[in-house]
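Since the structure comes first, as structure tokens, the remarks are kept for the end.
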Amino acid sequence: MSDEIKKEEESLNFLEEIIEQDLSAGKYPSIVTRFPPEPNGYLHLGHASSICLNFGLTRKYPGYTNLRFDDTNPVTEETEYVDSIKEDVKWLGFEWKHERYASDYFDTLYEYAVKLIEKGLAYVDDSTSEQMAAMKGTPTEPGVNSPYRDRTIEENLDLFTRMKAGEFPDGSHTLRAKIEMAHINMLMRDPILYRIKHAHHHRTGDKWCIYPMYDFAHGQSDSIEEVTHSICTLEFVPHRELYDWLIEKLDIYPSHQYEFARRNINYTVTSKRKLLQLVNEQYVEGWDDPRMPTISGLRRRGYTPESIRDFCDRIGVAKRENMVDVGLLEFCVREHLNKIALRRMVVFDPVKVVITNYTGEGEMLSSENNPEDENGGTRQIPFSGELYIEREDFMENPPKKYFRLAPGQMVRLKSAYIIKCEQVIKDEEGQVKELQCTYIPESKSGADTSGIHVKGTLHWVSVKHAVRAEVRLYDRLFKVEDPTDEEGDFKEYLNPLSLQVLPAVYAEPDLLHASLQERYQFIRKGYFVLDKSSNPDQLIFNRTVGLKDAWAKEVKKG
RNA sequence: UGACCCAUGGUGUAACGGUAGCACUACAGAUUUUGGUUCUGUCUGUUAAGGUUCGAAUCCUUAUGGGUCAACCA
């Protein structure tokens, strides 16, 4: 191995550097990380980065990772989301040590709050949210103290107990930390710790009517689990000061928060709010619509966990704003699929080819399942005198460098024979209806003694053996790189061509046995996977991603 | 007009005071029974100006640009 490669392998991201320092300094014998989603939506590509990061770190270094649901807001959270999140993390190939919920800690958190009150560091405020906002100040102006700020400890204790007991309606009281209303960091201006919500919680039911805020749950949960490195995204940087303040005042296990930049990907959106909108307003079929950047959408689209992990590795981790090209994701999935996908032939838009000198009944031809895999084996494909080829694979007046079929020109039919186009038959409208061709009997694939070399090889299916299937061609969800950055509503920028359904394509018969577990490459067409709604009577395939297409590029250039 | 975070090719990410590298993309060529794959090569970069230093992408200063912060959301 060259020094160059070695060096590349050893290069660490900033979090790995911190961890290696901590470990070698003996600060921790091993590390604990956590992946802390709020169960209010499905996981997407952004979460995949966080998952790969958190779980990846404890794969590389001694320690473990917890899955913790940040379920402190009962009105947005549902068990359906919990289930999907667990399924997605597992599908991505990771195992958590403990499955935890912030709601597991509600009793402890309540005790913590009492402790803070007793230390004179928290008080019950009767202000409305409007009043509070008015007293909060602005980033450049200090806030003012709430009139309730100097209540006695006894009074606060009493009020807080009664808040918990359900004596007050929603919005009437909050528990706030007593820090500093003129603090330069807005988050330190007496942040709310608890609010009243008479709402049913997906796990604790109606036991509670007060719920802790993020800032009084997240860091405390980290601490309870003795998380050493609590990794979150950059927008939480200002929260770190409060995170540390609470840990210090509560005198609990000192977890530390580190922030990295969220990964943005072009031609899509990764905000749960926006994705929820697309689902609710039925711009897409559901959370697992194959156009969605959700893990479940990608799964249904045919992406492999390996390719997603590879993608996350390649884009890395850093602290600067970024917009990752979705082309890299596509590269990653092509690279993996190229190695594992079974090759099959499917004609999308058929034109009939009649081989005039083919007198036999037909024959079975053998073709490799995957040229990239020498142990991939072969399959049998029926050949006959009447075939379908792709309409775009024939041109009556071809431009130069067109290697496909044209009058008088020869091409090879993949794994079969070389044919020559002798005559073009058209219908009344001048549309090509049939191509009459002759074949070269000595050019049979694998036993070619014809000595003829052709530039083009086409996929094909035998007319009478062809199997009907539906194919769904997916493209990018949005027609602009950053829909969030455009004028007006982001939904105005949806790509109207993001789904194109071909209800009847012609597939080689082997595809009758297609399975949900398998990936396919329709030769010269792209990578496909069976859709979950498919059945033997109605085969449905989703296009994961197309093949690179040098000819299309050539044509575009003119 | 406050505080904080950030700034390396088109994109993402390395270089930890000592040769600006890797990957994707793009382009050119070779190979190919997929215009796929594979292989070879090429183009493109340290936001700016000062300073420290034998030497600066790296340290300091200022400027510029981008982002975050005023939810009883997370």
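In the text below, chain A, chain B and the rest are named by the order of the sequence lines, each starting its count at 1.
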Q) Ignoring hydrogens and angles, does a donor from either the side chain of A:E372 or the base of B:U38 sit under 3.5 Å from an acceptor on the other? A) no
(Q) Measuring from the side chain of A:N73 (C-beta onward, heavy atoms only), which nucleotide among B:G12, B:C72, B:C73 has the closest atom? (A) B:C73
(Q) For the backbone of A:P350 and the side chain of A:E390, can you confirm whether one donor and one acceptor N or O come within less than 3.5 Å of each other? (A) no
Q | Listed nucleotide nearest any side-chain atom of A:F331, set B:U13, B:U68, B:C24 | A | B:C24
Q) Do A:E321 side-chain and B:G65 base share a donor-acceptor contact under 3.5 Å? A) no
Q. Just wondering, are more than 12 heavy atoms of other shown residues or ligands nearer than 6.0 Å to NZ in A:K420?
A. no
Q: Identify whether any heavy atom of A:R314 sits under 4.0 Å from a base atom; if not, whether one sits that close to sugar-phosphate; answer base, sugar-phosphate or nothing.
A: sugar-phosphate
Q: Using atom NZ of A:K548 as one end and atom P of B:A26 as the other, report the distance to the nearest whole Å.
A: 6 Å
(Q) Between C1' on B:A70 and CE on A:M188, what's the gap in Å once rounded to a whole number? (A) 16 Å
(Q) Heavy atoms only, 4.0 Å cut-off, all strands: where does A:Y194 land among base, sugar-phosphate and nothing? (A) nothing
Q | All pairs passing salt bridge (Lys or Arg N to Asp or Glu O under 4.0 Å) where residues 33-53 of chain A contributes a residue, at least two apart | A | A:R34-A:D222
Q) Rounding to a whole Å, what distance do you find between A:K414:NZ and B:U37:P? A) 14 Å
Q) Between A:F160 (CZ) and B:C72 (C1'), how many Å, whole number? A) 13 Å
Q | Distance below 4.0 Å between A:R334 side-chain N/O and B:C24 OP1 or OP2 | A | no
Q.
Does A:N185 reach a base, just sugar-phosphate, or nothing at all? Heavy atoms under 4.0 Å.
A. nothing
Q: Return no unless some side-chain N or O of A:K272 is found under 4.0 Å from OP1 or OP2 of B:C73.
A: no
Q.
Can you check the distance between B:A48 and B:U64, where both ends of the measurement are the C1' atom (answer in whole Å)?
A. 7 Å
Q) Any idea which of B:G12, B:U13, B:U37 is nearest the A:V324 side chain? A) B:G12
Q.
Any base atoms under 4.0 Å from A:S127, or only sugar-phosphate, or nothing? Heavy atoms, all strands.
A. base
Q | Between B:C73 (P) and A:Y211 (OH): distance, integer Å | A | 13 Å
Q: Spell out yes or no: do the side chain of A:R412 and the base of B:U33 have one donor N/O and one acceptor N/O closer than 3.5 Å?
A: yes
**Q.** Any donor-acceptor N/O pair, A:R519 side chain to A:L337 backbone, under 3.5 Å
**A.** no
Q) What about A:T457: does its side chain form a donor-acceptor pair under 3.5 Å with the base of B:U34? A) no
(Q) Closest approach to the side chain of A:M132, judged atom by atom: which nucleotide of B:C72, B:C27, B:U34 is it? (A) B:C72
Q. Looking only at atom C1', what distance separates B:A14 and B:C24, rounded to whole Å?
A. 15 Å
Q. Using a cut-off of 4.0 Å on non-hydrogen atoms, how would the nucleic acid contact of A:Y214 be classed: base, sugar-phosphate, or nothing?
A. base
(Q) Using the rule given for ring pair (Phe, Tyr, Trp, His ring centres under 6.0 Å), can you reason through A:Y439 versus A:Y417, listing the C-alpha separation, both sets of side-chain angles and the distance that settles it, and then say yes or no? (A) CA-CA 6 Å; A:Y439 84 117; A:Y417 301 93; 4.8 Å; yes
Q. So which one's nearest nucleotide on RNA chain B is more toward 5', A:T140 or A:Y402?
A. A:T140
(Q) For a quick check of understanding: with a heavy-atom distance under 4.0 Å over all strands, which category does A:E38 fall into, base, sugar-phosphate or nothing? (A) sugar-phosphate
Q) How would you label the contact of A:K455 with the nucleic acid (heavy atoms, under 4.0 Å): base, sugar-phosphate, or nothing? A) nothing
Q.
Tell me the interatomic distance from A:R68, atom CZ, to B:A74, atom C1', rounded to whole angstroms.
A. 12 Å
Q. At under 4.0 Å between heavy atoms, what does A:I523 touch on the DNA or RNA strands: base, sugar-phosphate, or nothing?
A. base
Q. Touch check for A:K525, heavy atoms < 4.0 angstrom, all strands: base, sugar-phosphate only, or nothing?
A. nothing
Q) What nucleic acid atoms does A:G446 come within less than 4.0 Å of, heavy atoms only: base, sugar-phosphate, or nothing? A) base
Q.
Quick check: on RNA chain B, is the nucleotide nearest A:K319 upstream (toward 5') of the one nearest A:A416, or the reverse? Name the residue that is more 5'.
A. A:K319
Q) Between A:N66 and A:R100, is there a donor-acceptor pair closer than 3.5 Å when you use the side chain of the first and the backbone of the second? A) no
Q. Can you tell me if A:H201 uses its side chain to pair, donor with acceptor, with the backbone of A:D71 under 3.5 Å?
A. yes
Q) Taking the same atom, C1', in B:U40 and in B:G12, what whole-Å distance lies between them? A) 25 Å
Q: Tell whether A:R404 reaches the base of B:G35 with its side chain through a donor-acceptor pair below 3.5 angstrom.
A: yes
Q.
According to salt bridge (Lys or Arg N to Asp or Glu O under 4.0 Å), who are the partners of A:E77, at least two apart in sequence or on a separate chain?
A. none
Q | Nearest-angstrom distance, P atom, B:G9 to B:G45 | A | 9 Å
Q.
In terms of relative ring orientation, are A:H202 and A:Y101 parallel, tilted or perpendicular, with 30° and 60° separating the classes?
A. tilted
Q.
If you compare all heavy atoms of A:G137 against all heavy atoms of A:R189, which two are closest, and at what distance to 0.1 Å?
A. C-NH2, 3.7 Å
Q. Please give, in whole Å, the distance from B:U8 C1' to A:F14 CZ?
A. 17 Å
Q: Quote, to the nearest angstrom, the C1' distance that separates B:U44 from B:A63.
A: 27 Å
(Q) I'd like the P distance from B:A56 over to B:A49, given in whole Å. (A) 14 Å
Q: Determine the Euclidean distance between corresponding C1' atoms of B:A30 and B:C22; express it in Å to zero decimal places.
A: 24 Å
Q. Is the distance from OP1 or OP2 of B:U32 to the nearest side-chain N or O of A:R524 less than 4.0 Å?
A. no
Q. Should the pair A:Y211 and A:F106 be assigned to parallel (<30°), tilted (30 to 60°) or perpendicular (>60°) ring geometry?
A. perpendicular
Q: Just compare B:G12, B:C72, B:G36 and give me whichever is closest to any side-chain atom of A:R195.
A: B:C72
(Q) Nearest to the A:S129 side chain among B:G35, B:G12, B:C72, which nucleotide is it? (A) B:C72
Q: Select one nucleotide: of B:G12, B:U68, B:U34, the one nearest the side-chain heavy atoms of A:E235.
A: B:U68
(Q) Wobble G-U and Watson-Crick pairs count when both distances are under 3.5 Å; given that, what is the 5' to 3' dot-bracket string of RNA chain B, with | for pairing to other strands? (A) .((((((..((((....[..)))).(((((.......)))))....(((((..]....))))))))))).....
Q: Find the distance A:M323:CE to B:A7:C1' and express it as a whole number of Å.
A: 16 Å
Q: Would you indicate what A:T128 reaches in the nucleic acid, counting non-hydrogen atoms under 4.0 angstrom: base, sugar-phosphate, or nothing?
A: base
Q. Distance-only, no hydrogens or angles: does the A:N266 side chain make a donor-acceptor pair with backbone N or O of A:V326 under 3.5 Å?
A. yes
Q. What nucleic acid atoms does A:E141 come within less than 4.0 Å of, heavy atoms only: base, sugar-phosphate, or nothing?
A. nothing
Q: Give A:R343 one of three labels, base, sugar-phosphate or nothing, depending on what nucleic acid heavy atoms sit under 4.0 Å from its own.
A: base
Q. What distance, rounded to whole Å, do you find between the two P atoms, one in B:G2 and one in B:U62?
A. 14 Å
(Q) For a quick test of reading the model: is some side-chain N or O of A:K197 closer than 4.0 Å to OP1 or OP2 of B:C73? (A) yes
Q: Using a heavy-atom cut-off of under 4.0 Å over every strand shown, decide if A:H239 touches base, sugar-phosphate, or nothing.
A: base
Q: Indicate whether OP1 or OP2 belonging to B:G12 is found under 4.0 Å from a side-chain N or O atom of A:R320.
A: no
